[in-house]
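Below: the structure, in structure tokens.
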There are 2 protein chains.
Amino acid sequence: MTVLFSKKCEYALQALLFMAEYRHEGPLSAERIATHLDIPKEFISKILQSLTKSNIVISQRGKAGGFRLARLPEKISLMDVVENIDGLGVFSDCLIGHPSCNPEAPCPLHHSWAPLRSQLKHLMEKTHLGNFIPGQTLNQLPDETTV
Amino acid sequence: MTVLFSKKCEYALQALLFMAEYRHEGPLSAERIATHLDIPKEFISKILQSLTKSNIVISQRGKAGGFRLARLPEKISLMDVVENIDGLGVFSDCLIGHPSCNPEAPCPLHHSWAPLRSQLKHLMEKTHLGNFIPGQTLNQLPDETTV
DNA sequence: GTAATTTCGGATAAAAAAGTCCTATTTTAA
DNA sequence: TTAAAATAGGACTTTTTTATCCGAAATTAC
């Protein structure tokens with residue numbers, strides 16, 4: 001069991017953080033991303049295809065092709081990625097899978113888990129890829145012309 | 001994907017909460033627990049066997065047999081259960097599965113996730129089955145003679 | 001134009017998790 | 001003593017997740 005996200009989602013986040021850092025080098029091939037992350041090329045390819053369909057990355061076929069972010073790293077939140085790969089269940093489902101747990105008839109753990117879950121949700125929403133680019137100040141929005 | 005725990009762990013927690021509430025009725029059979037939780041008897045049986053081996057519940061074979069808590073509900077923390085079924089990885093592993101993430105060389109999300117993870121750990125440690133018995137005040141330790 | 005390189009997408013394989021089945025053993029009620 | 005009821009435990013099946021393979025289509029460098 002992964003901590004909170006599936007392996008696909010973990011790899012997606014890792015790949016996007018890498019792509020954000022190296023976004024000035026033109027499209028990065030699945031091959032290169034796979035090597036950097038030390039995971040199978042075929043697997044990250046599928047994940048990148050999925051991210052392409054949901055307009056988080058843009059793909060380019062052919063020689064010198066690859067993948068690049070579809071918009072500024074400051075405009076891609078971690079929540080965007082999680083939502084695309086794993087969905088939003090983590091932020092709404094009952095912690096112990098109680099079938100009838102809801103705010104009106106909560107399971108025993110509901111009220112303890114809710115605030116933590118809310119904090120986690122907020123963290124994923126407010127954090128974007130741009131926050132992790134080395135040398136870039138947090139929340140700094142670079143001049144569009146330099147990107 | 002379950003939220004944070006495996007299905008086994010979710011069922012274990014649900015079963016133990018049920019057993020805590022009905023602990024005065026003598027051993028509860030796997031059959032009865034399965035019916036109450038609306039899950040397969042064979043599956044919860046395996047889980048209860050595992051909990052038996054780790055001394056969280058006590059089993060009794062034969063007619064009128066079944067399972068009961070191995071100690072007072074106030075002495076069984078949620079962490080005891082999670083540790084037995086899923087292990088403690090959730091409380092130590094990197095949120096995005098970064099292979100080399102550790103406090104010295106943390107992944108980009110490390111410092112944001114750590115405090116939340118710590119709160120969650122604390123919640124599971126301090127909360128015990130006794131907290132969920134209807135009609136019983138939180139943290140109330142009943143007279144031993146009445147249990 | 002051609003060859004090389006890359007993504008696309010369907011099919012398949014392997015591994016892990018979840019769920020089922022069957023028989024042996026234990027225990028107790030009658 | 002016997003029959004019924006219950007856990008123990010091994011083997012098996014199904015489903016989901018993770019991972020791999022391969023041919024087709026696209027694009028570019030030359």
Side-chain angles (χ1 to χ4, degrees), chain A residues 1-15 19 25-35 37-70 82 85-87 89-90 96-97 99, chain B residues 1-15 19 25-35 37-70 82 85-87 89-90 96-97 99:
Chain A
M1 175 111 183
T2 51
V3 172
L4 202 67
F5 309 124
S6 68
K7 268 223 159 34
K8 275 186 189 171
C9 194
E10 289 182 354
Y11 291 157
L13 288 167
Q14 290 177 33
M19 292 169 74
E25 300 195 4
L28 300 180
S29 70
E31 174 80 50
R32 184 168 172 199
I33 296 172
T35 300
L37 301 181
D38 195 27
I39 62 175
K41 176 193 154 212
E42 290 80 10
F43 197 30
I44 195 63
S45 290
K46 292 289 188 213
I47 295 168
L48 289 164
Q49 275 178 43
S50 169
L51 293 173
T52 300
K53 280 183 184 155
S54 53
N55 298 310
I56 291 173
V57 305
I58 290 172
S59 67
Q60 185 176 348
R61 290 185 171 187
K63 220 166 180 175
F67 299 88
R68 60 195 169 84
L69 301 184
V82 172
I85 306 284
D86 279 350
V90 186
I96 58 171
Chain B
M1 174 112 183
T2 51
V3 172
L4 203 66
F5 309 124
S6 68
K7 271 229 157 35
K8 273 186 190 172
C9 193
E10 289 182 355
Y11 291 157
L13 287 167
Q14 291 177 33
M19 290 169 74
E25 300 194 4
L28 300 180
S29 70
E31 174 80 49
R32 183 168 174 199
I33 297 172
T35 301
L37 302 182
D38 196 26
I39 62 175
K41 174 191 157 217
E42 289 80 11
F43 197 30
I44 194 64
S45 291
K46 293 290 187 211
I47 296 168
L48 289 164
Q49 274 176 44
S50 169
L51 294 172
T52 300
K53 279 182 184 157
S54 52
N55 297 309
I56 291 173
V57 305
I58 290 172
S59 68
Q60 185 175 348
R61 290 185 170 188
K63 219 167 180 172
F67 300 88
R68 61 195 169 83
L69 300 184
V82 172
I85 306 285
D86 279 350
V90 186
I96 59 172

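Only heavy atoms go into these numbers, but all of them, side chains included; no hydrogens, no water, no symmetry mates. In what follows, every chain begins at residue 1, and chains take the letters A, B, ... in the order their sequences are listed. Because the structure is a prediction, the values reported are computed rather than measured.
Taking atom NZ of residue B:K8 and atom P of nucleotide D:dT16, one finds them 17 Å apart after rounding to whole Å. Distance, B:E10 CD to C:dA17 P: 14 Å, rounded to whole Å. Taking atom CZ on A:F43 and atom P on C:dT7, their separation rounds to 17 Å, with Å as the unit. In this entry the distance linking CG of A:L48 with P of D:dT18 reads 16 Å, nearest Å. Protein atom CD1 of B:I58 is 16 Å distant from nucleotide atom C1' of C:dT27, rounded to whole Å. Atom CD in A:E31 sits about 17 Å away from atom P in C:dA4, given to the nearest Å. Nucleotide D:dC21 holds its P atom 13 Å from the NZ atom of A:K46, rounded to whole Å. If you measure from atom NZ of B:K41 to atom P of D:dG9, you get 15 Å, rounded to the nearest angstrom.
Remark: B:I33 CD1 to B:I39 CD1 distance equals 9.0 Å, nearest 0.5 Å. Here the straight-line distance linking atom NZ of B:K41 with atom NZ of B:K46 works out to 11.0 Å at 0.5 Å rounding. To the nearest 0.5 Å, atom OG of residue A:S29 and atom CD1 of residue A:I44 are 11.5 Å apart. Taking CD1 of B:I47 as the reference point, atom CG of B:L13 lies at 10.0 Å (rounded to 0.5 Å).
Of the listed nucleotides (C:dT20, C:dT27, C:dT7), C:dT27 has the atom at the smallest distance from the side chain of B:R61. Checking C:dA18, D:dA4, C:dG9 against every side-chain atom of B:K7, the shortest atom distance belongs to C:dA18. The side chain of A:K63 approaches C:dA4 more closely than any other nucleotide in the set C:dA4, D:dT20, C:dG19. Set against C:dG19, C:dC8, D:dA19, the side chain of A:F67 has C:dC8 as its closest nucleotide. With D:dT18, D:dA6, D:dA19 as the candidates, the nucleotide lying closest to the side chain of B:S29 is D:dA6. Candidate nucleotides C:dA18, D:dA8, C:dC21 were compared by shortest atom distance to the side chain of B:E42, and C:dC21 ranks first.
OP1 and OP2 of D:dA5 both lie 4.0 Å or more from every side-chain N or O belonging to B:Q60. Remark: B:Y11 is in phosphate contact with C:dG19, judged by side-chain N or O atoms under 4.0 Å from OP1 or OP2. OP1 or OP2 of C:dC8 sits under 4.0 Å from a side-chain N or O of A:S59.
Contact annotation: the side chain of B:S50 approaches that of B:I85 to within less than 4.5 Å [non-hydrogen atoms, C-beta and beyond].
If you check every strand for non-hydrogen atoms under 4.0 Å, A:G62 touches a base. Residue-level contact check: A:S6 touches the backbone only, with heavy atoms under 4.0 Å from sugar-phosphate atoms and none from bases.
Place A:G65 and B:L28 on DNA chain D by their nearest nucleotides, and B:L28 ends up nearer the 5' end.
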